[in-house]
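Remember, it's a predicted structure, so these values are computed and weren't measured experimentally.
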Amino acid sequence: MRTHARPWWQRALLTREMLTVLILVVAWIVAASVVQGFDGPLTITYLVLDVAPVLLIALPMTLIIATGEIDLSVASVVGLSSVTFGLLYQAGLGLWSATLVSVLIGAVCGAVNGALVAYGGLPSLAVTIGSLALYRGLAVGLLGTTAVTGFPEAWTDGATENLGESPYPVITLGLIALAAVFAVLLHATPFGRNVLDIGRSKEAARFSGVDVKRTLLILFVLSGAVSALAGVYYTLRYGSARGDNATGMELQVVAAVLLGGVSIFGGRGAIHGVVAGVLLIGVLGSALRLESVTVNVINIVIGTALVVSVVAPRIAGGLRVRRRAAAGQRT
Amino acid sequence: MPNAAPTLRLEGVTKSFGPVAALRSGTLVVQPGSIHALVGENGAGKSTLVKVVGGVHRRDAGVVELDGEPVDFAGPAEAKAAGVAVIHQEPASFPDLTVTENIFLGREPLGRFRRIDRRAMRDKASGLFRNLGVDLDPDRPAEGLSIADQQIVEIAKAISLDARLLVMDEPTAALSAVEVRRLFTVARGLRDAGKAVVFISHRLDEVADLCDTVTVMRDGAHVSTDAVADVTPDELVRRMVGRDVAELYPKVASTPGEVVLRVEGLESTGTFHDVSFEVRAGEIVGLAGLVGAGRSEIARAVFGVDRYDAGRVTVGGRPLRPGDPAAAIAAGLALVPEDRRLQGLVTESSVVRNVSSVARKRLARLGILLPDAEARLARDWSGRLAVKAGALDALATTMSGGNQQKVVLAKWLATGPKVLMVDEPTRGIDVGTKAEVHRLLSTLAAEGLAVLMISSELPEVLGMADRVLVVREGRIATELSRAEATPEAVMRAATPGASRSDSRTEGAA
């Protein structure tokens with residue numbers, strides 16, 4: 001029996017993910033030729049710096065949505081981690097120990113979500129809307145309306161510095177490494193296969209010996225930890241630890257993941273598509289900002305893109321059925 | 001009714017999905033006041049034909065007439081309005097609504113001020129059940145209705161819609177003997193009331209018992225239509241598979257070895273009680289009994305997908321951790337579950353992913369899974385089991401039931417199990433594949449595998465098993481040797497209220 005029904009290039013290129021990549025390339029070309037100043041080296045620098053937290057959080061989010069669950073508390077964990085990092089700095093901790101403690105707290109936040117979803121059997125949508133409010137409340141409560149600022153320049157420079165003379169920030173390397181780790185995890189390990197199986201059929205996965213509950217718990221812990229890491233980055237990038245940092249970022253993350261071709265119903269998704277989805281949102285955002293379009297309009301554009309990306313597969317499927325029916329009528 | 005137009009006439013109907021011709025030439029003529037059997041292997045095109053009649057699929061070409069009038073349904077609603085009702089094997093109902101509300105959903109009789117006239121609705125429902133001759137409480141919620149009762153509700157609904165043609169798609173697959181008898185009485189009542197009934201089944205004894213005409217399909221095309229009295233079951237089988245079925249139950253004699261699986265005093269409150277048995281290497285132990293007696297639940301508890309309250313399970317002398325399927329798999333247990341599409345397979349995944357789904361941990365090197373290793377495993381096992389698919393990356397959902405079952409078997413055999421538990425291994429599978437599965441189980445047992453086979457088909461249990469354990473109301477009522485296991489002995493032990501002349505030979509432990 002043949003291993004594949006289609007040749008390799010069709011399997012690689014004719015996918016939902018490559019569609020996002022294609023749209024990204026087109027958007028880039030259009031922006032570079034139409035928008036003044038888009039093709040400068042600074043654009044790339046700011047693009048990477050801006051999308052970094054969204055990209056980080058989108059990686060574990062991809063796996064969570066691939067199981068058919070969702071984590072809406074991520075931006076609140078960013079805020080909480082920003083606050084704890086700031087307080088730990090004030091308390092005199094070094095960069096790495098403050099980062100480590102913040103990430104651990106993020107992991108605990110994720111573990112609470114995961115335990116309620118996996119072992120409590122509660123819907124993740126409800127649980128993480130609750131913890132969205134809870135973690136944000138903790139963040140704002142801990143620091144009030146003040147901010148911790150005045151981080152050492154060595155720290156903040158590390159978050160924004162470029163690689164030598166190139167337009168790419170140093171953190172690009174970290175982003176690529178982490179994206180690669182998640183790509184391998186999802187696409188080339190038994191764990192990743194289990195994640196997709198859970199998204200397609202929890203029951204069948206259970207009958208195949210997959211520990212569904214443990215898998216979900218691990219994913220939520222990962223999500224919490226990576227969100228906290230994004231929180232530390234966010235704090236250093238803007239040099240300010242605040243309880244309301246990154247408010248609303250969960251929507252950008254979910255939008256990027258869905259634009260990247262991950263099915264909101266679970267069971268389908270790929271990291272390269274999500275990376276393209278994140279960059280697409282980043283390109284749209286910076287192009288529109290360069291054109292002095294207001295944030296509200298940018299949100300409208302991103303929101304529309306999101307709705308279209310979720311609705312389009314449905315419409316395409318419906319059209320296919322109708323075309324077949326019409327073809328049937330003619331004969 | 002001579003000269004009257006048949007209720008349903010299909011002629012030369014075709015339907016393709018992409019390059020696959022599911023129906024090449026569908027022909028079926030059903031007279032009013034008759035029960036017409038439609039038989040054929042899985043993949044023969046029966047389901048596609050039914051979906052064309054029921055308005056789910058639109059035909060590519062051919063003639064469809066109802067009472068002599070050409071029809072072309074754009075959707076199930078149109079078919080329903082024209083008097084076509086399809087009763088599914090496992091009907092969907094709204095669990096929170098009452099039986100009555102389910103029947104009249106969306107067309108409730110209205111009283112004054114356009115309020116729903118509950119009394120009229122309820123009276124109509126009980127009238128329907130009275131006419132059908134079944135005893136069903138119209139006020140009970142649909143939740144918890146047996147599959148048999150849900151089918152009755154569907155039939156009542158069809159009659160209330162004034163259906164002329166009722167299509168029953170493998171209605172008996174999940175029913176007990178008593179329920180089948182009741183369904184047959186209902187079907188005969190419909191026939192006598194002048195309705196046309198199409199009855200799809202894999203069980204030829206049922207066809208002979210119930211139907212007056214039988215149409216055979218093979219490979220998407222019509223093969224023959226005869227009066228049931230004019231053809232023997234053997235002849236029907238030959239036409240269905242297009243060849244002689246060599247031997248239906250190719251039992252290979254084997255000498256049982258060591259005890260591999262031992263179950264002691266297993267107890268799950270309200271489900272099964274004090275279940276003890278053992279399975280030796282090289283033997284096939286049949287677990288017979290009525291549907292709902294607790295057989296599947298026992299297997300699920302042993303495998304660990306369900307928990308149990310007391311007792312213990314040992315595999316090869318080692319106690320097994322309860323409620324942990326991964327531990328069961330590591331100990332050498334495999335379970336081919338009852339519901340292939342929901343539990344056995346990830347239907348949206350490819351053959352490769354399904355076959356390698358349990359073995360994949362073992363395939364990984366340094367935690368990394370190489371696609372080649374998966375493909376090799378899948379090609380190897382789907383080759384051994386003669387899985388028919390376009391390619392290894394074909395989705396399981398596109399395959400016929402028989403091929404799906406082979407994929408499930410391949411997935412478990414790839415783990416190299418010591419004990420194979422199979423729950424209804426041939427339910428809804430065509431005759432040809434059925435024989436292949438039986439041959440496979442027989443060979444595996446001869447090679448030293450311990451097999452526990454749950455089956456509601458008596459001939460299968462009697463034909464395959466070395467020993468038969470009969471489960472009645474959650475207890476092992478009796479154990480019969482191959483020689484003792486006659487249909488009468490099994491049914492007597494399985495049926496509650498039958499004479500209790502049996503004495504359970506205690507576990508022989």
Side-chain donor-acceptor contact under 3.5 Å, A:Thr67 with A:Lys202: no

B:Ala378 versus chain A, the contacting section by heavy-atom distance below 4.5 Å: neither

Largest heavy-atom contact set with chain A, pairs under 4.5 Å, which of B:Lys411, B:Arg379, B:Lys361, B:His57: B:Arg379

Among the listed options A:His187, A:Arg6, A:Arg11, A:Glu203, the residue most often paired with chain B at heavy-atom distances under 4.5 Å: A:Glu203

Side-chain ion pair, B:Arg340 and B:Glu424, N-O less than 4.0 Å: no

Main-chain N/O of A:Ala58 paired to A:Thr62 side chain as donor or acceptor, under 3.5 Å: yes

A:Asn113 side chain reached by A:Thr128 side chain, heavy atoms, under 4.5 Å: yes

Flag for A:Ser223-A:Asp71: side-chain donor and acceptor within less than 3.5 Å: yes

Under 4.5 Å from a heavy atom of chain A, the part of B:Lys388 involved: neither

N/O donor-acceptor pair under 3.5 Å between B:Thr14 side chain and B:Ser25 backbone: no

Between B:Arg300, B:Arg360, B:Arg353, the one whose heavy-atom pairs under 4.5 Å with chain A are most numerous: B:Arg360

Basic-acidic side-chain contact under 4.0 Å: A:Asp197, A:Arg200: no

Contacts of residues 341-350 of chain B with chain A (heavy atom under 4.5 Å): B:Leu342, B:Gln343, B:Leu345, B:Val346, B:Glu348, B:Ser349

From A:Val274, A:Leu222, A:Val275, residue fulfilling side-chain contact (heavy atoms from CB on, under 4.5 Å) relative to A:Phe182: A:Leu222

Electrostatic pair B:Arg376:B:Asp380 at N-O distance under 4.0 angstrom: no

Best-contacting candidate, B:Ser356, B:Gly367, B:Gly304, B:Ala364, against chain A by heavy atom pairs under 4.5 angstrom: B:Gly367

Chain A contact via B:Ala394 - which portion, at a heavy-atom distance below 4.5 Å: neither

Among the listed options A:Ser201, A:Ala205, A:Ala188, the residue most often paired with chain B at heavy-atom distances under 4.5 Å: A:Ala188

Contacting moiety of A:Leu185, where chain B heavy atoms sit under 4.5 Å: neither

Donor + acceptor pair across side chains of B:Asp423, B:Ser296 (<3.5 Å): yes

